[in-house]
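Just so we're on the same page: letters track the sequence lines, and every chain starts at 1. Only heavy atoms go into these numbers, but all of them, side chains included; no hydrogens, no water, no symmetry mates. Because the structure is a prediction, the values reported are computed rather than measured.
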Amino acid sequence: MSTTMQPIQTNLFAQHTVNGNYPSMYAIVDCNNFYCSCERLFKPHLDNKPVVVLSNNDGCIISRSDESKLLGVDMAGPYFLAKPLIKKHDVAVFSSNYNLYGDLSMRVMDTLRAIIGEQHVEVYSVDEAFVDLSMFPIEELDRIARDMKATVEQWTGIKVSIGVAPTKVLSKLANRLSKKNKEKSGGVIVLDTMEKIKKALAITPVGDIWGVGGQYAKKLKEQWFIDDALQLSKMSEEFGRLHLGGVVGVRLIRELNGIASKDMQDELLNKKMIATTRMFGSPVGDINDIKEAVATYTSRAAEKLRRQHSAANIISIFVVSKEENHNATFNRGITHSRYTTLPTATSFTNELIKPAVAMVDGLFKEGTLYKKAGVMLSGLVPDASIQGNLFIPETKNNGRLLMDMIDNINFSQRDDVLKFAASGTTRDWKMRQELRSPRYTTRWEELYEVR
DNA sequence: TCTGGGGTCCTAGGACCC
DNA sequence: TCTGGGGTCCTAGGACCC
C-alpha cells in the first residue's frame, strides 16, 4: 500500500467541493424537549423544574425536560415503571396535548419560513425542520444559524438547537453534538471543514447516526466491530447496499462522506397511507365496543383523507389481543388484521364505516380481551367527487357536501360534535388522558389567563 | 395492573401477462 | 423428446424515523 493513499472520505470530499466550499449546506433546526417546552411555555413556574409528557393512554414517557433526564427518567419507558422516581422528585407530569403542540409547531415553522424563505424550509417532523443554507457564504453560516436560533426563541418562546453541515445526515450529527454540550456550543454547531467533520464522526457512536437503528447498530458492532461513525464512513457503498438496506445504505454512506444524497423534499402534501390506531383505556371484550372504536377511528381517518382531498381504495382494520400466556417482559399481544378492497375509491365516512365494521365480525373471538384496534386507508387516489363531477350521480355530490359540512363543524369545534351513530356515545374503550393540560391556543374556553 | 401513534422507504417473491 | 424470459403489479415484511 502506498503512503500517498488517502482515506476514502478525503477523496470524496475533494471531488465534491467547489473552490474548497461544499456545494450544499443544510441546517437542522430541532426544538429542545419539544412537548415539555410547550407545556412550560404557559407555566413559567416549571422553568428549571423536571417535567415529562406521556404518550396517549398515559403509557410511555415521550418527552423529558433536561432536569428529568438528569434524574434518570428513561425515554420511551413505561410511565408506571418511572412513577416512583417521578413521585420522589416531584416531577410535573402531563398527558400529551397535540392541539397545543401542533399550534406551537406551526409558529416555529412559520418563523423559519419568514427568516430564510419558504422554499428553503422542509418541515421534517413536528419539532424539526431542515433549512437549506447553500446560498450563503460558508463563513457566514455560524452567524446565520445563531441569528435563526435567537429569532425563533424570541418569537415563539421555544428553545432550539441547530446543526449545520454539507449533508442532512451530518447536520443531524452536528445537532446531536450541539445538544450534548450546550454551554460550549451555545446550541449551534457548524461542521464546515473536513477536520471538524472527522472529529464529529469519531465521537459519534454508530447507533446515534440518523438512519442507523438498534438492529443495524447491533449487526455493525457484532459482525464488523464498527463502533463509531468515522469507522462506518470508511466502509464502501457496496457495504451499505449489502448490509444497511440497499439504496438506503448507499445513501447513508455517501452522506457520512459529505456527499448530499438526501434532497430537500417538497412538503409531503399527500400521504400514501392514513392510519388511526389506539390502545384502549382498558382491555375490551365486547364486540360492540370494538365496533364503536373501529367506527370512530374510521371517521377520524376519513377526515384526514378528505383534508388531503384523497379517496381510498383499500380499508384495513386490525385488533390486538391481550396475550393470555404472556410473560412479564414481552406482552405485546397478537395482531389480527383484515382488509377490504372497495368497489370504488371513496372518502365518505359512511361508505368506509360499513366494510370496516363488517370486518370486525370476521376478527372478533368471543372470550378474548383486546387492547388495541386500528384502521388504515391505503391505495389513495385524488378524490374525484371534489368538484361536482358530471359523471357522478347527484346523490354522490350531495354526499360530498354533507362530508364538507361535517368536517367544517368538527374542525371549528376541534372535537367530535357531529358523528355517525355507529361511533356510539358511551365509549368505555376511550383512552385515558387524565393529566392533559388545557388547550391554551386552540380552545377559547381554555385560553391562558394573563393576570 | 401498567409499554404510543403515525408515518416512510425499500426488497423479495409470487401472480400474471405477452 | 420436450416447457422462455422479461416486465409489471401486488403484498408482506423489515428496517427506519420522530
Closest listed nucleotide, where the reference is the side chain of [X] and the choices are [options]:
X      : options               : result
A/P78  : B/dT8, B/dT3, C/dC18  : B/dT3
A/R278 : B/dC2, C/dC17, B/dG5  : B/dG5
A/F80  : C/dC18, B/dG7, B/dT3  : B/dT3
A/M273 : C/dC17, B/dG7, C/dA12 : B/dG7
A/C60  : B/dC10, B/dT3, B/dT8  : B/dT3
A/K272 : C/dC16, B/dC9, B/dC10 : B/dC9
A/K172 : B/dG5, C/dC16, C/dC18 : C/dC18
A/Y216 : B/dG6, C/dC16, C/dC18 : C/dC16

For [X] and [N], is the shortest distance between a side-chain N/O and OP1 or OP2 below 4.0 Å?
X      : N      : result
A/S55  : B/dG5  : no
A/K304 : B/dG6  : yes
A/K372 : B/dG5  : yes
A/K219 : C/dA15 : no
A/R251 : B/dC9  : no

Audit row: A/K221, A/V206, side-chain contact (heavy atoms from CB on, under 4.5 Å) steps and yes/no: CA-CA 8 Å; A/K221 279 181 205 176; A/V206 80; 4.1 Å; yes
What is the separation between atom [atom1] on [X] and atom [atom2] on [N], rounded to the nearest whole Å?
X      : N      : atom1 : atom2 : result
A/F130 : C/dC17 : CZ    : P     : 12 Å
A/L305 : B/dG7  : CG    : P     : 11 Å
A/L244 : B/dC9  : CG    : P     : 19 Å
A/E122 : C/dC17 : CD    : C1'   : 13 Å
A/L380 : B/dG7  : CG    : P     : 10 Å
A/R176 : C/dC17 : CZ    : P     : 13 Å
A/L252 : B/dC9  : CG    : P     : 17 Å
A/D263 : B/dC9  : CG    : P     : 13 Å

For [X], answer base if it contacts any base atom (sugar-phosphate contacts may also be present), sugar-phosphate if it contacts only those atoms, and nothing otherwise; contact means non-hydrogen atoms under 4.0 Å.
X      : value
A/I274 : sugar-phosphate
A/G214 : sugar-phosphate
A/V247 : sugar-phosphate
A/I209 : sugar-phosphate

How long is the span from the CD atom in A/E39 to the CG atom in A/N33, to the nearest 0.5 Å?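 Reported value, rounded in 0.5 Å steps: 12.5 Å.
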Ring-plane angle category for A/Y35 and A/Y101, please: parallel below 30°, perpendicular beyond 60°, tilted otherwise. parallel
When the C1' atoms of B/dC16 and C/dG4 are considered, how many whole Å apart are they?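 Roughly 15 Å separates the two C1' atoms.
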May I ask you to decide if A/I259's main-chain N or O and A/T167's side chain share a donor-acceptor pair within less than 3.5 Å?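 No, A/T167 side chain to A/I259 backbone: no donor-acceptor pair under 3.5 Å.
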Here's one to test your reading of the geometry: is the NZ or CZ of A/K262 within 45 degrees of the ring axis of A/W210 and under 6.0 Å from its centre? yes
Donor-acceptor side-chain pairing of A/S65 and A/E67 below 3.5 angstrom: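 Note: A/S65 and A/E67 side chains meet the donor-acceptor criterion.
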Salt-bridge present (A/D110, A/R107; N to O < 4.0 Å): no
Per nearest nucleotide of DNA chain B, the residue lying toward the 5' end, A/Y35 or A/R241, is A/Y35
On DNA chain B, nearest-nucleotide positions of A/L81 versus A/G245: which is more 5'?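 Residue closer to the 5' terminus by nearest nucleotide: A/L81.
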Using both distances under 3.5 Å as the test, list the Watson-Crick or G-U wobble partner of B/dG13, or none.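 Across all strands, the one nucleotide that pairs with B/dG13 is C/dC10.
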